[in-house]
Amino acid sequence: MTQTLDHPTSTTDPQQRAQAWFASFEAALRARDVAAAAGHFATESYWRDLVAFTWNLKTVEGRDGVSDLLAETLDRVDPGGFEVAEPPEEADGVVTAWFEFETGVGRGRGLVRLVPAEEGDDGTSGTGDRAWTFLTTMHELKGHEEPRGARRPPGAEHGADKHRTTWLEHRQQEAESLGSTEQPYVLVIGGGQGGIALGARLRQLGVPALVIDKHARPGDQWRNRYKSLCLHDPVWYDHLPYLKFPDNWPVFAPKDKIGDWLEFYTRVMEVPYWSSTVATSASWSEEKGEWTVEIEREGRPLTLRPQQLVLATGMSGKPNLPQLPGQDVFRGDQHHSSAHPGPDAYAGKKCVVIGSNNSAFDICGALWEHDADVTMVQRSSTHIVKSDSLMEYGLGDLYSERALAAGVTTEKADLIFASLPYRILHTFQIPAYEAMAEKDADFYERLERAGFRHDWGDDGSGLFMKYLRRGSGYYIDVGAAELVADGEVKLAHGQVTHLTEDSVVLDDGTELPADLVVYATGYGSMNGWAADLISQEVADTVGKCWGLGSDTTKDPGPWEGEQRNMWKPTQQEALWFHGGNLHQSRHYSLYLALQLKARLEGIPTPVYGLQEVHHLG
């Protein structure tokens, strides 16, 4: 994730350059001189703020964007105390500096990239540098710091006390009162990695919260998937908050190991968690400022009245199951990939997998290993990247043993990645995927010779941008793509028109004999859960979840600059969406938890740049 910029190398010490810039910038902020503060930014510049200034996740662009943000927020935020946190680095004239700062209510961290002022720059900065990218994040609220490090709880209560309650008794009392005599302030619906990570954050911040999930045990979301499933992201990318995987944890964790870890994590982090619990309806009362949520817990009805509702039902939570003529007469097995039990029952059977992304490849590979006759139906082009190449070129500088040895912790890596604005992130990605294309040229040649329709994304920026823009259209190859390239897994192209009693029929008339049909057809927008649980009106009020508005395939414009409606306020008061991969669940759970904690404590949270609604689903 590196990019070279054509700026002359400065002869000034980077520490002095960074300190001079922050001193001048803070002076402008103290003077409430918005124009002078904005003049510290380059003509092309990007300020990404995670909660600290905006009570939102928001990116503004250029001096006009900076001016607008500061004009709306500067007086109430009252920022100051900007300090360079460690020795800055300089490369190609760009100074990269970590910093810390304070606001009236919180403490923050950030990362700035400074470039020399261009000739004719009309900025008003008192230094020769301008901010090109500027990340500000809140990491704690003053007076509401987490009990960690020097603030950790003592645990034991020394002395004599006839009314002492033990830790276990206290936990039992808490569990018995939750949902009956005491209502959760936050109800999190969905107890996968997202809900669990958020539940842990809220617990440490002292926010009364409850996580509910339909499964019998935490981690069943993973245990119940097809048996060959493993994480495609590496361990360094996947830690949960507070408690990292052990040093001997496998690079790519099997699904059941992840399931056990989530169950263990829920218990040891004391996340209030109700299993076997289904939310059946929810409604918001503007007058009361609370939700009424009807649930069934182990089959028994119960009403909860939280003031904040979080849907953590997952990016991959609402299956897209196509409705096709003939599904009612098909005599074999058919199911969505999320319900696929695994390959054991299909040895010697003719299996048709509709789709060509991660789940499709994983399922095809496992079926082939169990001697099934497998055909993949590719409906549109797919981006494939080999796992070892992705680890080397895409993630290695941030999430790897190599990164750790260079001092890039997971927390640092999260902020470095967050500091690259989405508007220009693709320019950092393109060189990495060009390197992968060169390294694995023979593989891609064989794959395309086999008839597979491959792409590198609309602009050659590869997997990460496809994920951020549309959440689909890619596969991290851990072996199954080789089966397609070698012809071991057969390939068909087109759209499915209908099923017969024993076949799948494509739009060109091709008929594929089938004993099993797996619909690896992806998942819908998370606001579909809001439609099902609350109402279609509320879902439309919120609009589409996910995507950047990049005007690329399946990510229609206009430009948003952030993930739509994720981890931040929505147009529906007190309704939040939390999802994504393990990395996003870990990183963004902090900012969502801080927003919820501030509301619990009555801290004013005026939102700058509330998400507009351009797409309903």
Chemist: Parallel, tilted or perpendicular, judged at 30° and 60°: which one describes the rings of Phe99 and Phe101?
Modeler: tilted
Chemist: Go through the steps to decide whether Asn565 and Met526 satisfy the test side-chain contact (heavy atoms from CB on, under 4.5 Å), and finish with yes or no.
Modeler: CA-CA 10 Å; Asn565 288 311; Met526 284 183 68; over 6 Å; no
Chemist: Are the ring centres of Tyr399 and Trp236 closer than 6.0 Å?
Modeler: no
Chemist: Please say whether the positively charged group of Arg201, taken as NZ for Lys or CZ for Arg, lies over the ring of Tyr242, i.e. under 6.0 angstrom from the six-membered ring centre and within 45 degrees of the axis.
Modeler: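 Yes.
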Chemist: Can you find a heavy atom in the side chain of Arg203 that is under 4.5 Å from one in the side chain of Val271?
Modeler: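 Counting from C-beta outward, Arg203 and Val271 never come under 4.5 Å.
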Chemist: Does a side chain donor of either Tyr591 or Asn56 reach within less than 3.5 Å of an acceptor in the other side chain?
Modeler: no
Chemist: Taking the side chain as every heavy atom from C-beta outward, state whether Pro184 and Pro272 have any pair of such atoms under 4.5 Å apart.
Modeler: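 Pro184 does not reach Pro272 side chain to side chain.
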Chemist: To the nearest 0.5 Å, what is the distance between CH2 (Trp261) and OG1 (Thr266)?
Modeler: 11.0 Å
Chemist: Glu562 pairs by salt bridge (Lys or Arg N to Asp or Glu O under 4.0 Å) with which of Arg48, Lys568, Lys58?
Modeler: Arg48
Chemist: Applying side-chain contact (heavy atoms from CB on, under 4.5 Å), run through Trp98 and Lys412 and close with a yes or a no.
Modeler: CA-CA 10 Å; Trp98 294 96; Lys412 264 193 169 183; 4.0 Å; yes
Chemist: Apply side-chain contact (heavy atoms from CB on, under 4.5 Å) to residues Phe82 and Leu29 and explain how you reach the verdict.
Modeler: CA-CA 11 Å; Phe82 287 87; Leu29 296 178; 3.7 Å; yes
Chemist: For residues His232 and Leu390, determine if any side-chain heavy atom of one lies less than 4.5 Å from a side-chain heavy atom of the other.
Modeler: no
Chemist: Tell me whether the rings of Phe25 and Phe41 are parallel (<30°), tilted (30 to 60°) or perpendicular (>60°).
Modeler: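 Correct class here is perpendicular.
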Chemist: Within a strict 4.5 Å, meaning less than it, do heavy atoms of the Val310 and Leu596 side chains meet?
Modeler: yes
Chemist: Can you tell me how far CE of Met391 sits from OH of Tyr237, rounded to the nearest 0.5 angstrom?
Modeler: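 Output value for this atom pair is 9.5 Å.
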Chemist: I'd like to know whether CD of Glu86 has more than 12 heavy-atom contacts from other residues, nucleotides or ligands below 6.0 angstrom.
Modeler: yes
Chemist: Looking only at heavy atoms, what is the nearest atom pair of Gly81 and Glu26, with distance?
Modeler: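 In terms of heavy atoms, the two residues are closest at N-OE2, 2.9 Å.
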Chemist: I'd like to check Val77 versus Tyr608 (side-chain heavy atoms, cut-off strictly below 4.5 Å). Are they in contact?
Modeler: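 Heavy-atom side-chain distance check fails, nothing below 4.5 Å.
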Chemist: Okay, side chain of Ser400, backbone of Ala403: is any donor-acceptor separation there less than 3.5 Å?
Modeler: yes
Chemist: Should the heavy atoms of other residues, nucleotides or ligands under 6.0 Å from NZ of Lys554 be counted, would the total exceed 12?
Modeler: no
Chemist: With no hydrogens and no angle check, do the side chains of Thr136 and Trp47 hold a donor and an acceptor under 3.5 Å apart?
Modeler: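 Yes.
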Chemist: Tell me the closest heavy-atom pair linking Thr313 and Trp529, and the distance in Å.
Modeler: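 Of all heavy-atom pairs spanning Thr313 and Trp529, the closest is OG1-CD1, 2.9 Å.
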Chemist: Just checking, any donor-acceptor pair under 3.5 angstrom between side chains of Arg113 and Ser419?
Modeler: yes
Chemist: Take atom CG in Asp459; do more than 12 heavy atoms of anything else shown fall under 6.0 Å from it?
Modeler: yes
Chemist: Any side-chain heavy atom of Gln308 within less than 4.5 Å of one from Val207?
Modeler: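 Result no, sub-4.5 Å side-chain heavy-atom pair not found.
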Chemist: To the closest 0.5 Å, what do you measure between OG1 (Thr570) and CG (Leu610)?
Modeler: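 Atom-to-atom, Thr570:OG1 and Leu610:CG are 7.5 Å apart.
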Chemist: If you count every heavy atom of other residues, nucleotides or ligands that lies below 6.0 Å from Arg109 atom CZ, does the total exceed 12?
Modeler: no
Chemist: Check Met566 against Cys545 and note the closest heavy-atom contact, atom names and distance.
Modeler: SD-CB, 4.1 Å
Chemist: Among Val186, Leu202, Leu178, Leu600, which residue satisfies the side chain to side chain contact (heavy atoms under 4.5 Å, CB included) criterion with Pro208?
Modeler: Leu600
Chemist: Is the shortest side-chain heavy-atom distance between Leu111 and Leu415 below 4.5 Å?
Modeler: no
Chemist: Return the CZ to CG distance between Phe417 and Leu398, rounded to the nearest 0.5 Å.
Modeler: 8.0 Å
Chemist: Determine, for Glu118 against Arg130, whether the closest basic-nitrogen to carboxylate-oxygen distance falls under 4.0 angstrom.
Modeler: no
Chemist: Would you please name every residue forming a side-chain contact (heavy atoms from CB on, under 4.5 Å) with Pro14, sequence neighbours left out?
Modeler: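 Pro14 satisfies side-chain contact (heavy atoms from CB on, under 4.5 Å) with Pro88, Glu90, Val95 only.
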Chemist: Looking at Glu411 and Lys244, does any basic side-chain N land under 4.0 Å from a carboxylate oxygen?
Modeler: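 Between Lys244 and Glu411 there is a salt bridge, with a charged N closer than 4.0 Å to a carboxylate O.
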Chemist: Nearest 0.5 Å, what's the CG-CG distance between Leu304 and Leu187?
Modeler: 6.0 Å
Chemist: Name all residues meeting the side-chain contact (heavy atoms from CB on, under 4.5 Å) criterion together with Arg305; count only those two or more places apart in sequence or in a different chain, and write none if there are none.
Modeler: Gln183, Glu290, Thr292, Thr303
Chemist: Say whether, by atom type as modelled, one donor and one acceptor occur between the side chain of Asn527 and the main chain of Gly543 under 3.5 angstrom.
Modeler: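 Looks like yes, one N/O pair under 3.5 Å.
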Chemist: Parallel, tilted or perpendicular: which fits the ring planes of His239 and Phe245, with parallel below 30° and perpendicular above 60°?
Modeler: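 Because their plane-to-plane angle lies in the 30° to 60° range, the rings of His239 and Phe245 count as tilted.
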Chemist: Looking only at non-hydrogen atoms, find the nearest pair between Trp132 and Glu44 and report the distance.
Modeler: CD1-O, 3.3 Å
Chemist: Of the non-hydrogen atoms in Gln584 and Asn581, which two are nearest, and what is the gap between them?
Modeler: N-OD1, 2.8 Å
Chemist: If the threshold is 4.0 Å, N to carboxylate O, is there a salt bridge linking Arg402 and Asp397?
Modeler: yes
Chemist: Between the side chains of Gln611 and Glu560, does any donor sit under 3.5 Å from an acceptor?
Modeler: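 The answer is yes; a qualifying pair exists.
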Chemist: As a quick check of understanding, evaluate ring-ring contact (aromatic ring centres under 6.0 Å, His included) for Phe134 and Trp21, giving each step before the final call.
Modeler: CA-CA 12 Å; Phe134 189 57; Trp21 188 90; 5.8 Å; yes
Chemist: Passes side-chain contact (heavy atoms from CB on, under 4.5 Å), Trp576 versus Gln595? Steps please.
Modeler: CA-CA 10 Å; Trp576 311 77; Gln595 293 172 81; 3.3 Å; yes
Chemist: If you compare all heavy atoms of Leu205 against all heavy atoms of Lys597, which two are closest, and at what distance to 0.1 Å?
Modeler: O-NZ, 2.8 Å
Chemist: Can you find a pair of side-chain heavy atoms, one from Ile196 and one from Asp213, that are under 4.5 Å apart?
Modeler: no
Chemist: As an exercise, state the distance from CD of Glu401 to CG of Leu404, rounded to the nearest 0.5 Å.
Modeler: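 If I round to the nearest 0.5 Å, the distance is 5.5 Å.
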Chemist: Once side-chain contact (heavy atoms from CB on, under 4.5 Å) is applied, do any residues pair with Arg151, and if so which ones, sequence neighbours excluded?
Modeler: Glu140, Glu145
Chemist: Report the C-alpha separation of Arg32 and Asp78 in whole Å, then their side-chain angles, then the decisive distance to 0.1 Å, and conclude whether the salt bridge (Lys or Arg N to Asp or Glu O under 4.0 Å) test is met.
Modeler: CA-CA 9 Å; Arg32 302 296 189 259; Asp78 191 25; 3.0 Å; yes
